[in-house]
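See structure below.
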Number of protein chains: 4
Amino acid sequence: MQEEVTDRARRPRADAQRNRDRILDAAEQYFSEYGVTGSLDAIAKRAGVGAGTLYRHFPNRECLLAALLAARDDALVARRDHLRSGSMSAADALGGWLEAITAWAGAFDGLPEPLRAATATSSSPLAVTCQGFITTTESFLRAAQDEGSARRDVRARDLFLAALANSWVRGAAMADDASAAALTELTRTGWATVRPVRADDDQ
Amino acid sequence: MQEEVTDRARRPRADAQRNRDRILDAAEQYFSEYGVTGSLDAIAKRAGVGAGTLYRHFPNRECLLAALLAARDDALVARRDHLRSGSMSAADALGGWLEAITAWAGAFDGLPEPLRAATATSSSPLAVTCQGFITTTESFLRAAQDEGSARRDVRARDLFLAALANSWVRGAAMADDASAAALTELTRTGWATVRPVRADDDQ
Amino acid sequence: MQEEVTDRARRPRADAQRNRDRILDAAEQYFSEYGVTGSLDAIAKRAGVGAGTLYRHFPNRECLLAALLAARDDALVARRDHLRSGSMSAADALGGWLEAITAWAGAFDGLPEPLRAATATSSSPLAVTCQGFITTTESFLRAAQDEGSARRDVRARDLFLAALANSWVRGAAMADDASAAALTELTRTGWATVRPVRADDDQ
Amino acid sequence: MQEEVTDRARRPRADAQRNRDRILDAAEQYFSEYGVTGSLDAIAKRAGVGAGTLYRHFPNRECLLAALLAARDDALVARRDHLRSGSMSAADALGGWLEAITAWAGAFDGLPEPLRAATATSSSPLAVTCQGFITTTESFLRAAQDEGSARRDVRARDLFLAALANSWVRGAAMADDASAAALTELTRTGWATVRPVRADDDQ
DNA sequence: AATGAATGAGCATTCATTCAT
DNA sequence: TATGAATGAATGCTCATTCAT
């Protein structure tokens, strides 16, 4: 009786939270093992919950993915703060940040794909995440531009997409580390030695 | 006359060739509509042939894809020849070639994925195609390097992958043309204004 | 009262149990009609359930078969008890038991095959069933051996296999009842009138 | 021209014979590898002939099987003659012959099945083969019966079926040699020590 | 006589999602 | 709120057999 009053709003939440966590743990394992296209049913099973429970917490794969990545946001935010507070140049900070994004997007096999889609649609739970990182990228980019070490005609959004693309190239079983580094470098400096002069290029 | 001899081996193919063509047509349509992961059975149905017939001609999705792309190879080869014979600089030729590859890999939604995989495995019907284009890329790149307009530390394979990556970013429903161009430009010139000096960099 | 408690876990099964039963009924019919290699899809259809439902209940053909036979186990167990409690000789009991097994394995066309396979692998849902019957066979055999009416150098497992083999010979469309009986008799007494004397032969 | 007259009936036959032989060779390999249910198409391919050619020579699987076994008949006939001419007892000869049949029916995985079916239908190309061996079994059996070493109430046909059954039990991956021998022995002597006296039992 | 292309139903199995309990 | 049963279309692929060439 007493419980019904005090716990009505709390106890179920404790259960729910526990289930949510177990689902996230299971998803983390499962996606690591089989990539982001793995079976949601299998995740529910591994988490020890019913399929319906999974769907209650995460109505679709993207929501689950978003929640999963949110848990990793902390690491990326920490990285961001570290890059910001460091004594490195703004260019190196931007480079470090892009590499951090590339690594982040490579957390699970196949992850770049939904991230790219989310970047395009804006109506996805992942879009929020992506947008946040684009904003951060923008601040790094602006600093580098102000420093004179980044081109003014480059947009943060495109750098973000380039980072995803590099992550995509690395793929799951890429097995060619040289290419991974080369692509990152290519994004930084391009393949051309000479650049066309442009109006908005303030250098 | 001569034809009559070779026709003896060709005549039974009248049927086969017709079916093959119909399958390719159907696949072209279907992949354009639903992307390269569309149902093979559905393609057979649209082509008006039995599933077995499709599988006889193209034992798996990659073979079908390779045949489909082979039909487009001609256009790419023509583009290559045009770029080679033109009076443009080697840098512009390389740029044009990379853009051609990017466009080619964007023929169908999802096409970059198997192309990337093929680039890594070499045991795929698509691998041959990819390798051929990497070789062409190499000749364009070398010309540009000899001209002094391309960096010496860039590899053709990585440029090819970058072109695929750009194609991947564009996606099917990208809806952001500015990014498409920006990514291509980024690959050419990078985001940095300043470059680390390197030993093998002949500028 | 007690039921009310256990029902809590059983109630959601009202649906499931009904479907399960319908599947078993359909399978019974279908296997009787077409043999144990009949299409599982067709069984699902006949049962009026989706294919997924069938696979949820019985992940593979062997599981379905095992469940189907489990329903018949009762009859066999009853037969065993009847044979045990009867006043017949141990030899007749063993003979009756082997005949019961032979009849049981002839329930469906093609059933002896998976039973034989299960006898060999032990990692099959049918293996449990088979092993159980081998054990029972052993008790009957031992009684007959103790009685002096069964040879000491015969193993229960081989008698079980012989019963399966006889069932196999009968097949579905055997149409030769004489052979069926003859084979059973052959297993009992062999074709030879004279037997090589053996050390472990206590007669 | 000249050829048309003299070779019209001969040359094609040479071709046909060569193809027939190649098909038989391929089938021998293939059935050995994959059992008698292996794909006929694959056999045609391995033989280097079209599917139609295979079907011209052997309208169905049973015909192919029958031809394949016919080639092995020689070995069995030789065995028969050797058993007949030997100085062993008629009982041992019969035993040897049954063992020879069991081994013969074990030539390919799954072979006992069509042999049993053929024994029952008599409208199969294999039926001829089986009937021949039943006849031979009969002669061995009669000799043993005359010698007094085989029971008079046993029929050759049932012994043949028992031999097939033993072959079936051995299966492909039986992995239990003891059972193989035990079953053979069981067929010879049965499991009972005491036999019911019967009218037609002349011992 | 030979070819090999075509057929197309058939198979086992999966999975995201819904919904009754 | 949680459960997990149900759905049922969909997938890639095979194969015995026929038949046009």
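The structure displayed is predicted, hence computed values, not measured ones. Just so it is clear: chains get the letters A, B, ... in the order the sequence lines come, proteins before strands, and each one is counted from 1.
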Should A/N19 be listed as having a side-chain N or O under 4.0 Å from OP1 or OP2 of F/dA2? yes

Review point. What is the nucleic acid contact for A/S39, judged by heavy atoms within less than 4.0 Å: base, sugar-phosphate only, or nothing?
Key: sugar-phosphate

Here DNA chain F, pairs taken as Watson-Crick or G-U under 3.5 Å and shown with ( ), [ ] when crossing and | when to another strand, reads .||||||||||||||||||||

Comparing A/Y55 with D/G50, nearest DNA chain E nucleotide closer to 5' gives the residue D/G50

A/K45 atom NZ is separated from E/dC15 atom P, nearest whole Å, by 11 Å

Ranking C/L54 and B/P59 by the position along DNA chain F of their nearest nucleotide, the one closer to 5' is C/L54

Rounded to whole Å, CD1 of A/I23 lies from C1' of F/dA2 at a distance of 10 Å

- Query: Under 4.0 Å between a side-chain N or O of D/R61 and OP1 or OP2 of F/dA16?
  - Reply: yes

Q.
Under a 3.5 Å distance rule, please check whether D/R22 uses its side chain to pair with a backbone N or O of D/A47 as donor and acceptor.
A. yes

For F/dA6, does either OP1 or OP2 sit under 4.0 Å from a side-chain N or O belonging to C/R56?
no

C/T37 side chain reached by C/D109 side chain, heavy atoms, under 4.5 Å | no

B/D21 CG to E/dA5 P, in whole Å, measures 15 Å

Only residue of C/D21, C/D15, C/N19 satisfying side-chain hydrogen bond (donor to acceptor under 3.5 Å, both in side chains) with C/Q17 is C/D21

Inset, instruction - Decide yes or no on side-chain contact (heavy atoms from CB on, under 4.5 Å) for A/E113 and B/E113, but give the supporting numbers first. - result: CA-CA 10 Å; A/E113 189 69 47; B/E113 189 69 49; 4.2 Å; yes

In whole angstroms, the gap separating P of F/dT17 from CZ of D/F58 amounts to 15 Å

Between CD1 of A/I43 and C1' of E/dT14 the distance, given in whole Å, is 15 Å

Discussion item. Both conditions, 6.0 Å and 45 degrees, for the charged tip of A/R116 above the ring of B/W168: are they met here?
Written reply: yes

By nearest-nucleotide position on DNA chain F, the 5'-leaning member of C/V49 and C/D41 is C/V49

Regarding D/D25 and D/Q29, is there a side-chain donor-to-acceptor distance under 3.5 Å anywhere? no

Counting distance only, does the side-chain N/O of A/R61 pair as donor-acceptor with the main-chain N or O of A/G38 below 3.5 Å?
yes

* Asked: Any side-chain N or O of A/T53 less than 4.0 Å from the OP1 or OP2 oxygen of F/dT3?
  -> yes

| Should B/R46 and B/E28 count as an ion pair when the cut-off is N to O under 4.0 Å? | no

Respond yes when some side-chain nitrogen or oxygen of D/H57 is under 4.0 Å from OP1 or OP2 of E/dA1, and no when none is. no

Rounded to whole Å, the CG-P distance (A/L40 to F/dT3) equals 16 Å

Taken to the nearest whole Å, OH/A/Y34 to C1'/E/dC15 is 15 Å

When rounded to whole Å, the CD to P distance for the pair C/Q17 and F/dA6 reads 10 Å

**Item:** Presence of C/N60 side-chain N/O under 4.0 Å of E/dT13 phosphate oxygens OP1/OP2
**Value:** no

